[in-house]
Amino acid sequence: MLHIVACIKQVPDTKVAKINPKTNTIDRASAPAILNPYDAHAVEEAVRLKKRYGGVVSVLTMGPPPAVKAIRKCIELGADEGYMISDRAFAGADTLATSYALAKALEQIAKQRPIDLIICGKMTIDGDTGQVGPGIARRLDIPPLTGVNKVVEINKEKGYAIVHRKLEDGYEVVKSTLPCLFTVEKEINDISFAPLPNMIKAARYYPTIWTANDLENVDRKQLGLKGSPTIVSKIWTPPKPKGGEMLEGTTEEKVEQLLSIVLEKKELFQS
Amino acid sequence: MNLADYQGIWVYIEVKDGKVAPVSLELLGAGRKLADKRGTELGGVLIGSGIKELAPTLFAYGADVVYVYDDPIFAHYRTEPYMRALLHCCQKYKPEVLLYGATPTGKDLASAIATDLPTGLTADTTILDIEEDTGLLLASRPAFGGNIMATILCKKYRPQMATVRPKVMKALPPDPTRTGRIVEERIELREEEMRTKVLEVVRQTVKKARIDEADIVVAGGKGMGSKEGFQLIHELADVLGAAVGASRDVVEAGWIDHHHQVGQTGVTVTPKIYFAIGISGAIQHIVGMQNSELIIAINKDPNAPIFQSCHYGIVGDALEIVPLLIKRFKEEIPKLKASADAKEEIRHA
Ligand SMILES: Cc1cc2nc3c(=O)[nH]c(=O)nc-3n(C[C@H](O)[C@H](O)[C@H](O)COP(=O)(O)OP(=O)(O)OC[C@H]3O[C@@H](n4cnc5c(N)ncnc54)[C@H](O)[C@@H]3O)c2cc1C
Ligand SMILES: Nc1ncnc2c1ncn2[C@@H]1O[C@H](COP(=O)(O)O)[C@@H](O)[C@H]1O
């Protein structure tokens, strides 16, 4: 029986989000909140491992109350339990403060049911750093395995996992002790269709919700904005480059002009 | 923490197949500027097995001092031993700034170090500057959703750390006469205590030219309309002997795989010619191709932001223009080749 916890985040769908031209910030009202696409693959992999080896899949998120929706989405994908930490004290956290709070929540979950494996997404589409996963692993002092694109074997009895880690030009096969933490690539799996019973369960699901006070041994100085070494000092629009020369004329004329511009670099075509 | 105790600009030197990774040389170039502005030393931290002889290369590219951890335990990159070495080095010599390539290895290591020290870490920086008097690092990166940049600071912690994408910064021309100090360090690490082992490394050679090494990149966006429409990008690339690039939206639509994605969360490219066809030109795309020598944009929307970042632009329907380009290049390129061959013959005659 494995206990796998996937860390997931609700994010604004940056593909449709609009930028408020006055403040240069993302206009959240314009952006529907979705489960971070990379985290869907983390949950999917956890559910697949559960089917392969038996066990329980929990998901954990830190976020404002509406993030319950993202947890429900994970229940649809086949997760068994959902945990959420939600508190103003967590607000404004950078990756260091985020990994601290999530590590505290994971310790709390582990007290109820020891954790064998934690799976994170490769990155979030709003924060976009990929730093939180390895940060959690360091805080819990377990090995971080980043860029996992295949799980070869999990052996709980003997206490090891074997995975493929993606490299720039191939992959490496790595063996690690358990527990450990994976961050997974998109190509690790295709998201399965949610079966109807899961959808029904999800619709009525309420996760366990903890505030900062519910977490044990928390150093408040390390939470949220206070616990974040990095600050965004300014947000700016880069000066617009002058722009290029526009080719004019009929389509054929434009094509011919382009042809001569490109073919001027003769050396590229002569080898 | 006494901030004044922290001095020097450092670069974590990534080693691949016994060579210094290009991104590390680029970072030495960027680091040199910061160090000169701040009036301080530029250091490189070199961790690996049998890597000491790489130090002169680092001096040639701008380093003043190289810290070396050379031990068989570092034969393959693994978070745990590398992290121990780099933490040791940071705690002993206290750099003000530490930069890493935003490669799989650099990101992995930087995230671990940031947590253990602890300190702030800015991901995927594209612009670096430093305040001369305070040493405050100004790390800027594109921020979510649109054409905006965010400048990120780490005021109260040292070192200030950032990862930087390959090909964003420029390496200095190497000066083989430059020299520097080598500081050899050791830490006690025992293989039996390591929790991860690399069992095998599998190299997959991509059959097409690697997009970040190609002289010409033909990139297509959602404007190609469909996976079938995107075939035109492949055809044009074939005719030109180019590599195929894509916007993220194309990758997400499943028209092509992620290796081809150009931009902030894809590859950075600097080819001699870059075609952006049916690509709107969002900042996350631009940062991945803006240093190309010649940028050509084709888009049917005259107000598409891509036209701000290109050298030549054509307003029009790509589905009409690209087939014409394919046809004309097919006619003209063989002529160029023939004339080159003819010249070659004259020289040999
Ligand atoms: C955190 C984050 C990271 C990101 N990373 C990346 C990244 O690495 N790389 C990247 O590319 N994007 C990235 N993006 C996405 C980026 O913001 C844009 O959404 C994306 O680049 C848009 O892709 P596109 O230009 O193909 O599509 P669109 O924005 O939909 O643009 C399509 C363009 O095609 C034109 N067009 C339509 N029909 C035709 C036609 N027949 N002929 C000619 N032109 C036509 C349209 O005028 C339009 O300009 C990222 C976004 C976020 C939030
Ligand atoms: N607020 C959060 N709650 C739960 N998990 C998170 C949160 N933020 C980040 N993560 C996890 O960390 C990964 C990397 O996030 P990031 O460092 O923001 O790119 C995500 O894919 C999630 O698995």
Side-chain angles (χ1 to χ4, degrees), chain A residues 14-15 17 19 24 26 94-96 99 126 128-131 134-135 138-139 143-147 162 166-177 186-187 229-238 240-241 243-247 251-252 254-255 258-259 261-263 265-266 268-270, chain B residues 79-80 103-104 107-108 111-112 114-116 118-123 143-157 195-204 215-216 258 265 272-273 296-297 307-316 320-321 324-325 328 332-333 336-337 340:
Chain A
T14 42
K15 266 211 285 255
I19 298 296
N24 267 340
I26 197 157
D94 72 356
T95 54
L96 197 69
S99 67
D126 59 345
D128 186 26
T129 73
Q131 289 167 191
R138 284 307 311 144
R139 291 189 180 282
L145 299 168
T146 52
I162 298 177
K166 185 176 175 171
L167 303 174
E168 284 152 309
D169 54 357
Y171 63 90
E172 62 182 26
V173 187
V174 188
K175 183 173 176 179
S176 168
T177 54
K186 262 189 156 167
E187 68 248 29
T230 59
I231 50 163
V232 177
S233 81
K234 65 170 181 174
I235 290 187
W236 45 282
T237 318
K240 282 250 158 71
E245 180 182 325
M246 303 305 289
L247 306 179
T251 302
E252 283 71 22
K254 289 188 224 169
V255 165
L258 188 55
L259 219 65
I261 291 165
V262 169
L263 294 179
K265 296 196 182 256
K266 289 203 267 314
L268 295 180
F269 304 98
Q270 288 181 333
Chain B
T79 316
E80 200 166 3
T103 59
K107 293 187 113 188
D108 184 280
S111 306
T115 314
D116 274 61
T119 189
L121 172 62
T122 304
F144 56 8
N147 292 303
I148 54 174
M149 296 284 295
T151 302
I152 298 180
L153 309 178
C154 170
K155 285 190 171 159
K156 297 195 188 125
Y157 294 75
R195 293 179 291 184
T196 54
K197 303 233 176 305
V198 177
L199 304 180
E200 194 187 349
V201 177
V202 181
R203 291 282 158 79
Q204 290 162 322
D215 280 334
I216 309 179
H258 181 259
T265 44
K272 302 218 165 66
I273 310 180
I296 291 164
F307 289 130
Q308 303 291 329
S309 302
C310 69
H311 298 97
Y312 294 98
I314 293 184
V315 177
E320 181 191 342
I321 293 169
L324 284 175
L325 282 173
R328 292 288 294 123
E332 295 301 323
I333 289 174
L336 273 181
K337 282 215 174 98

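We name chains A, B, ... by the order of the sequence lines, and we start the count at 1 in each one. Remember, predicted model here, so these are calculated numbers, not experimental data.
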| query | Looking only at heavy atoms, which two atoms of B:A114 and A:L96 are closest? And how far apart? | reply | O-CD1, 3.5 Å
| task | Please assess B:L199 against A:V174 for the test side-chain contact (heavy atoms from CB on, under 4.5 Å), listing each intermediate value before the final yes or no. | result | CA-CA 6 Å; B:L199 304 180; A:V174 188; over 6 Å; no
| message | Tell me whether A:K254 contacts the main-chain N or O of B:V315 through its side chain, where contact means a donor paired with an acceptor under 3.5 Å. | response | yes
| said: Are A:V262 and B:Y312 packed together at the side-chain level, in the sense that at least one heavy-atom pair is separated by less than 4.5 angstrom? | reply: no
| message | Taking side chain as everything from C-beta outward and backbone as N, CA, C, O, which of these in A:K265 sits under 4.5 Å from a heavy atom of chain B? Side chain, backbone, both or neither. | response | side chain
| said: Ignoring hydrogens, what is the shortest heavy-atom contact between B:S111 and A:G130? Give both atom names and the distance. | reply: OG-O, 4.1 Å
| query | What distance separates A:E168 CD from B:Q204 CD, expressed to the nearest 0.5 Å? | reply | 13.5 Å
| note | Most heavy-atom pairs under 4.5 Å with chain A, out of B:L121, B:I273, B:L324, belong to B:L121
| request: Considering non-hydrogen atoms only, spot the tightest contact between B:R195 and A:P143 and give its length. | output: CB-CG, 3.8 Å
| field | Qualifying residues under side chain to side chain donor-acceptor pair (under 3.5 Å), relative to B:R328, sequence neighbours excluded | value | A:E256, B:E331, B:E332
| field | Spatial distance of atom OG1 (B:T151) from atom NZ (A:K234) [nearest 0.5 Å] | value | 5.0 Å
| Tell me, side chain or backbone of A:D128 under 4.5 Å from chain B's heavy atoms, or both, or neither? | both
| message | Tell me the closest heavy-atom pair linking A:T129 and B:K107, and the distance in Å. | response | O-NZ, 3.5 Å
| message | Quick check on the interface: out of B:V198, B:L153, B:V201, who has the most heavy-atom pairs with chain A under 4.5 Å? | response | B:L153
| To the nearest 0.5 Å, what is the distance between CZ (A:F269) and CD1 (B:I333)? | 5.0 Å
| query | Should B:E320 and A:T251 count as side-chain neighbours, where that means a heavy-atom distance under 4.5 Å? | reply | yes
| query | Between B:I321, B:D215, B:D116, B:I216, which has the largest tally of heavy atom pairs under 4.5 Å with chain A? | reply | B:D116
| Which residue out of A:E252, A:E245, A:E172 racks up the most heavy-atom pairs below 4.5 Å with chain B? | A:E245
| Checking heavy atoms, do the side chain of B:T119, its backbone, both or neither come under 4.5 Å from chain A? | backbone
| field | Residue B:E80 versus chain A: region with a heavy atom under 4.5 Å | value | neither
| task | Using non-hydrogen atoms and a 4.5 Å limit, figure out which bit of A:I231 sits close to chain B: side chain, backbone, both or neither. | result | both
| message | Tell me every residue that passes ring pair (Phe, Tyr, Trp, His ring centres under 6.0 Å) with A:Y171, counting only those two or more places apart in sequence or in another chain. | response | A:H164
| To the nearest 0.5 Å, what is the distance between OG (A:S176) and NZ (B:K197)? | 10.0 Å
| So, for A:Q131 and B:T122, which heavy atoms are closest and what is the spacing to 0.1 Å? | OE1-C, 4.1 Å
| message | I want to check something: taking the side chain as every heavy atom from C-beta on, are A:M246 and B:F307 in contact at a cut-off of under 4.5 Å? | response | yes
| message | On a heavy-atom basis, which atom in A:P229 and which in B:Y157 lie closest, and how many Å separate them? | response | CB-CD1, 3.4 Å
| field | Evaluation steps, side-chain contact (heavy atoms from CB on, under 4.5 Å), between B:M149 and A:I235 | value | CA-CA 6 Å; B:M149 296 284 295; A:I235 290 187; over 6 Å; no
| request: Could you have a look at B:I314, B:T79, B:V202 and say which one has the most heavy-atom pairs with chain A under 4.5 angstrom? | output: B:V202
| note | Turns out that what part of B:K156 lies under 4.5 Å from chain A's heavy atoms comes down to neither
